[in-house]
Amino acid sequence: MFWLRRVPLISALLLVLMGAPGWTLSEEQPSAEPPASNQNPAAEGEAKPQTKITPEQAEQLFRDVDTILDFASKDTALPKKHDVKRRLASREEVVAYLKKNMAEDKDVQRLRRTELVLKKFGLLPKDFDLQTFLVGLLEEQVAGYYDAKTKTVNLLDWVLPDLQRPVLAHELTHALQDQSFGLDKWLKKGSEDLDAKKDLTPDDITKDEYSEARQAIVEGQAMVTLLDYMLAPMHRTVADSPEIVKTLNEGMQSGTADSVQYRKAPIFLKEALTFPYRYGVEFEAQLIRAQGKEKAFSGPFQNPPLTSREIMQPETYISGEHLAPMPLPDFKHIFKSYDRFDIGAIGEFDVAVLAKQYAGEKLSGEIYPNWRGGYYYSVHLKGNSAGALGLVFVSKWASVKAAAQFAAVYARGIQQRYKKVEAPADSTLPADLKMLGSLSGDHTWTTEEGAVVLVVRGDTLLVTESLDPAITEQFRAAVLNSKAAPAAPAEIH
């Protein structure tokens with residue numbers, strides 16, 4: 001994934017964003033016992049309270065940590081090996097902590113490269129400042145967090161206790177995961193830095209999604225505990241309440257009324273930031289129903305899913321599906337006149353978002369389950385780092401039909417990403433590419449950043465952008481083992 005592998009810190013902290021839509025799932029809100037209450041503190045999109053909690057409320061919250069930890073241990077079947085340290089933090093302390101970690105975290109520092117690639121794919125506006133957005137989002141959304149380095153759960157002195165207790169159920173699940181499996185160490189096992197590898201192998205591309213799959217396990221399990229805690233007064237759980245998970249996931253996509261920074265975010269960022277929570281909780285819910293609680297919580301830590309496909313389609317994980325890695329061309333030879341900029345997997349999540357952005361949610365849902373592999377490689381011409389970013393993108397599909405369908409979706413986006421798009425005079429494609437339903441054969445457009453070439457051969461799509469024609473021909477031969485062919489008829493809606 002060209003985004004999620006960069007931001008493990010951020011996805012672990014957005015608990016207001018992830019939890020808030022769920023507060024309204026029931027009129028009864030559990031407290032630390034958890035007894036029923038008829039209060040709904042987040043009703044009607046009220047603004048977050050600006051006043052600080054009282055010393056008495058803080059003292060009670062500190063006591064609640066132990067009660068909620070016991071609940072989380074019973075709910076997850078993860079043993080409580082020792083108590084969890086706790087502290088009360090101010091907004092200023094939390095913001096300073098987040099900014100410090102963002103400034104020091106090597107993954108966040110690499111965001112600058114990822115930002116340019118996202119803009120090349122059209123997933124961020126050209127003038128979008130990703131770093132500024134992320135800082136603003138964290139200031140707006142943080143609702144409490146567990147620090148695996150200090151083994152401490154951090155409570156917030158400006159958030160009402162009734163809102164913090166379900167968040168505690170989530171964060172204390174992280175504490176239990178940490179006690180059993182060593183959370184930081186386990187997550188780092190899934191962290192592959194492709195940028196540092198000189199000689200890439202097909203397995204390296206596959207490993208690029210390990211970190212995101214593991215993050216979805218960590219957050220998905222914690223979301224199950226949060227929901228079970230809230231459902232406890234009704235004697236229900238995630239296992240017997242699939243409609244609750246659906247309601248929560250729908251709420252995550254829209255955000256809350258006071259989630260100003262999130263609500264104005266581009267589609268891709270909303271999808272990326274909610275991925276480990278939204279798909280993670282559904283993954284865990286299906287595992288609980290299929291294999292029981294103990295296997296659903298301990299099992300994925302011992303036998304982690306490897307790709308976003310396994311998270312988005314849990315049945316592929318349960319059945320033990322294995323997709324062979326895609327062979328790679330000789331990048332170093334083909335790109336001998338270029339400097340490597342960024343490389344990564346294009347997973348099922350990535351094609352789902354591309355399809356959603358350019359063709360809508362319904363068509364995206366039909367397309368992404370047919371993904372069978374993908375990668376991208378971006379470059380700059382040697383001595384011209386300020387020039388247009390060159391890109392090669394290869395994807396493999398379950399069928400010829402699926403490849404042609406995704407090729408049409410990708411082509412639709414060309415006119416949205418570039419200001420100037422011209423097809424050859426003999427092109428048989430419609431002037432408005434949004435009319436495309438499927439696309440096969442070879443197609444080229446000229447843009448202000450150079451040529452965009454789409455080549456569909458069987459179940460494989462090759463895309464090159466802003467590259468010399470000779471380079472495209474080398475990739476055509478290496479990836480598709482073919483030469484240029486006449487453009488094939490397109491299906492038009």
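Since the model is a prediction, treat every value here as computed from it, not as a measurement.
Residues Phe393 and Phe121 place their aromatic rings such that the two centres sit under 6.0 Å apart. The six-membered or imidazole ring of Tyr358 lies away from that of Tyr410, with a centre-to-centre distance of 6.0 Å or more. For an aromatic pair to be called close, the ring centres must be under 6.0 Å apart, and Phe128 with Phe268 fails this. Residues Tyr279 and Phe349 keep their aromatic ring centres 6.0 Å or farther apart.
Side-chain N or O atoms of Asp339 include none that pairs as donor or acceptor with a backbone N or O of Phe335 at under 3.5 Å. Side-chain N or O atoms of Glu310 include one that pairs as donor or acceptor with a backbone N or O of Leu306 at under 3.5 Å. The backbone N or O of Gly450 sits less than 3.5 Å from a side-chain atom of Thr447, completing a donor-acceptor pair. Of the possible donor and acceptor atoms, none in the side chain of Ser298 sits under 3.5 Å from a partner among the backbone N and O of Lys295. A donor-acceptor contact shorter than 3.5 Å links the side chain of Asp350 to the backbone of Gly347. Proximity of a side-chain donor or acceptor of Gln415 to a complementary backbone N or O of Ala431 within less than 3.5 Å is detected. Proximity of a side-chain donor or acceptor of His380 to a complementary backbone N or O of Ala386 within less than 3.5 Å is not detected. A donor-acceptor pair is defined here as one N or O able to donate and one able to accept, closer than 3.5 Å; no such pair exists between the side chain of Glu465 and the backbone of Gly390. Of the possible polar contacts, one joining the Lys270 side chain to the Arg263 backbone as a donor-acceptor pair under 3.5 Å is found. Panel note: side chain Ser427, backbone Leu429; a donor-acceptor pair is recorded below 3.5 Å.
The shortest distance between side-chain heavy atoms of Val281 and Gln221 does not fall below 4.5 Å. Residues Val452 and Thr446 are not in side-chain contact: their nearest non-hydrogen atoms beyond the backbone lie 4.5 Å or more apart. The shortest side-chain heavy-atom distance between Ile318 and Gln291 falls under the 4.5 Å cut-off. Between Asp199 and Lys332 the shortest side-chain heavy-atom distance falls below 4.5 Å. When side chains are defined from C-beta on, Val463 does not count as touching Val394, because their heavy atoms never get closer than 4.5 Å. Residues Pro300 and Leu287 form a side-chain contact, since some pair of their non-hydrogen atoms from C-beta on lies under 4.5 Å apart. Considering only heavy atoms from C-beta on, Leu123 comes within 4.5 Å of Leu354 through its side chain.
Between Asp184 and Lys189 there is no salt bridge, since no side-chain nitrogen of the basic residue lies less than 4.0 Å from a carboxylate oxygen of the acidic one. With respect to Lys246 and Glu282, no salt bridge is recorded, no charged nitrogen being found less than 4.0 Å from a carboxylate O.
We find the NZ-CD1 distance between Lys336 and Ile334 to be 8.5 Å, quoted to the nearest 0.5 Å. How far CG of Leu124 is from CG of Leu118: 4.5 Å, rounded to the nearest 0.5 Å. Rounded to the nearest 0.5 angstrom, Met223 CE and His170 NE2 are separated by 6.5 Å. Distance check: Glu115 CD to Leu130 CG gives 5.0 Å after rounding to the nearest 0.5 Å. In this structure, the separation between CZ on Arg214 and CG on Leu183 is 11.0 Å, given to the nearest 0.5 Å. Taken to the nearest 0.5 Å, the CG atom of Asp147 stands 10.5 Å off from the CD atom of Glu171.
Within 6.0 Å of atom CD in Gln416, more than 12 heavy atoms from other residues, nucleotides or ligands are found, so the atom counts as buried in its surroundings. For Lys149, the NZ atom sits in a loose shell: 12 or fewer heavy atoms of surrounding residues, nucleotides or ligands are nearer than 6.0 Å. Heavy-atom contacts from other residues, nucleotides or ligands closer than 6.0 Å to NZ of Lys362 number 12 or fewer. Other residues, nucleotides and ligands contribute over 12 non-hydrogen atoms within 6.0 Å of the NZ atom of Lys293.
Nearest approach of Leu454 to Ala407, heavy atoms of both residues: CD2-O, 3.5 Å. Nearest heavy atoms, Val379 versus Leu389: O-CD1, 3.5 Å.
Among residue pairs with one or both ends in residues 388-404, those qualifying as side-chain hydrogen bond (donor to acceptor under 3.5 Å, both in side chains) are Ser395-Trp397, Lys396-Asp459; sequence neighbours excluded. Listed by first and then second residue, the ring pair (Phe, Tyr, Trp, His ring centres under 6.0 Å) pairs involving residues 285-311 are Phe181-Phe301, Trp186-Phe301 (not counting sequence neighbours).
For the residue pair Tyr376 and Asp342, a side-chain donor N or O sits within less than 3.5 Å of a side-chain acceptor on the partner. Donor-acceptor pairing under 3.5 Å is recorded for the side chains of Glu219 and His174. No side-chain N or O of Gln405 forms a donor-acceptor pair with one of Ser438 less than 3.5 Å apart. Asp228 and Thr225 are not linked by any side-chain donor-acceptor pair at a separation below 3.5 angstrom, with hydrogens and angles left out of the test. For the residue pair Asn154 / Tyr146, no side-chain donor-acceptor distance below 3.5 Å is found, with atom types taken as modelled. Between the side chains of Ser211 and Lys188, no donor-acceptor pair is found at a separation under 3.5 Å.
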task = For side chain to side chain contact (heavy atoms under 4.5 Å, CB included), just list the numbers for Arg309 and Glu321, CA-CA rounded to whole Å, side-chain angles, deciding distance to a tenth of an Å, and then say yes or no.
result = CA-CA 10 Å; Arg309 174 177 170 82; Glu321 176 192 78; 2.7 Å; yes
inquiry  = Could you walk me through whether Glu348 and Ser308 satisfy the side-chain hydrogen bond (donor to acceptor under 3.5 Å, both in side chains) test, starting with their C-alpha distance in whole Å, then the side-chain angles of each, then the deciding distance to 0.1 Å, before giving a yes or no?
reply    = CA-CA 6 Å; Glu348 189 163 297; Ser308 60; over 6 Å; no
ask   = Thr206 and Asp203: side-chain hydrogen bond (donor to acceptor under 3.5 Å, both in side chains), yes or no, with the steps?
value = CA-CA 5 Å; Thr206 300; Asp203 282 338; 4.8 Å; no
task = Decide side chain to side chain contact (heavy atoms under 4.5 Å, CB included) for Tyr375 and Met326; before the verdict, give the C-alpha distance in whole Å, the side-chain angles of both, and the deciding distance to 0.1 Å.
result = CA-CA 9 Å; Tyr375 60 83; Met326 293 181 66; 4.1 Å; yes
key: Chi angles and distances behind the side chain to side chain contact (heavy atoms under 4.5 Å, CB included) call for His443, Leu439   = CA-CA 9 Å; His443 301 273; Leu439 189 65; 3.3 Å; yes
task = Report the C-alpha separation of Leu467 and Leu391 in whole Å, then their side-chain angles, then the decisive distance to 0.1 Å, and conclude whether the side chain to side chain contact (heavy atoms under 4.5 Å, CB included) test is met.
result = CA-CA 7 Å; Leu467 293 176; Leu391 177 72; over 6 Å; no
inquiry  = Under the criterion salt bridge (Lys or Arg N to Asp or Glu O under 4.0 Å), I'd like the reasoning laid out for Arg476 against Glu473: C-alpha separation, chi angles, the key distance, then a yes or no.
reply    = CA-CA 5 Å; Arg476 190 196 308 268; Glu473 288 307 309; 2.8 Å; yes
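The one candidate from Phe475, Phe331, Phe341, Tyr338 that meets the ring-ring contact (aromatic ring centres under 6.0 Å, His included) condition with Tyr377 is Phe331.
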